[in-house]
Amino acid sequence: MARVPIFASKFIVLLLLSSFATILVTGDEDHEFVRRLDRKLLGLKKEKLSHFKLYWHDILTGPNPSAVQVVPPPSNTSRTAFGLVRMIDNPLTLGPEMSSKMVGRAQGFYAQASQEDIGLLMAMNFAFIEGKYNGSTITVLGKNSVLSTVREMPVIGGSGLFRFARGYVQARTQKFDMATGDATVEYNVYVFHY
Ligand SMILES: *[C@@H]1O[C@H](CO)[C@@H](O)[C@H](O)[C@H]1NC(C)=O
Ligand SMILES: *[C@@H]1O[C@H](CO)[C@@H](O)[C@H](O)[C@H]1NC(C)=O
């Protein structure tokens, strides 16, 4: 007589386990395009916080400009040049001088996105060529109010050593040539990555 309840409870446990299994399997069958991964399988161990200090050179003039206008501003928006777009392939160097070691290039574009003041939309990849960072990129997308002393812009991602990157940059104009428009900007990049 006493054995019946034990058998019954074992049966119930088995029944529950098998229904859980059914739910799990069904879940996988419904979404064959997705599976959960152990982050260690991708070599993602501990997230690091890195600070890079780089100098960004915007060269508009001379025989080899690194920033070229691809969309002129409509003439009736000339007060702020709203609508202007420049494509850039700007050197990133360790020091403020162009002659200092180049460790990468800032590739992308910036566009004058403000009708009231100078507020650029920056969309660029910092493509590194130095050492273990060679081939890895950091993507910056944000608003650059170039007349402010410090401009902060988000790091929205990255590739290679910067997979899953997030963070921000702070840009400070180091040098601006009123005659040519050439500029050197200090970029401090603070980025979480693996
Ligand atoms: C600029 O001119 C175009 C074409 O005439 C017009 O549609 C537009 O509204 C003007 N923009 C401004 C800011 O005046
Ligand atoms: C960076 O990688 C490219 C492509 O793999 C290679 O051609 C180049 O020599 C490397 N540069 C440095 C500085 O290691």
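Every number for a ligand or one of its atoms is a count from 1 in the order of the listing. Note that the structure is a prediction, hence the values are computed from the model and not measured.
- Residues passing the salt bridge (charged side-chain N to carboxylate O under 4.0 Å, His left out) test with Asp177, sequence neighbours excluded: none.
- Residue-environment remark: CZ (Phe164) stays at or below the threshold of 12 foreign heavy atoms within 6.0 Å.
- Note that OG of Ser66 and CH2 of Trp56 are 7.5 Å apart. Values are rounded to the nearest 0.5 Å.
- The 4.0 Å heavy-atom shell around ligand 2 contains residues Ile129, Asn134, ordered by chain and number.
- Under a 4.0 Å N-O distance rule, the pair Glu186/Lys175 does not qualify as a salt bridge.
- Remark: the backbone N or O of Asp182 is paired with a side-chain donor or acceptor of Thr180 at under 3.5 angstrom.
- Ionic pairing of Lys101 and Glu130 is present here: one or more N-O contacts between side-chain nitrogen and carboxylate oxygen are shorter than 4.0 angstrom.
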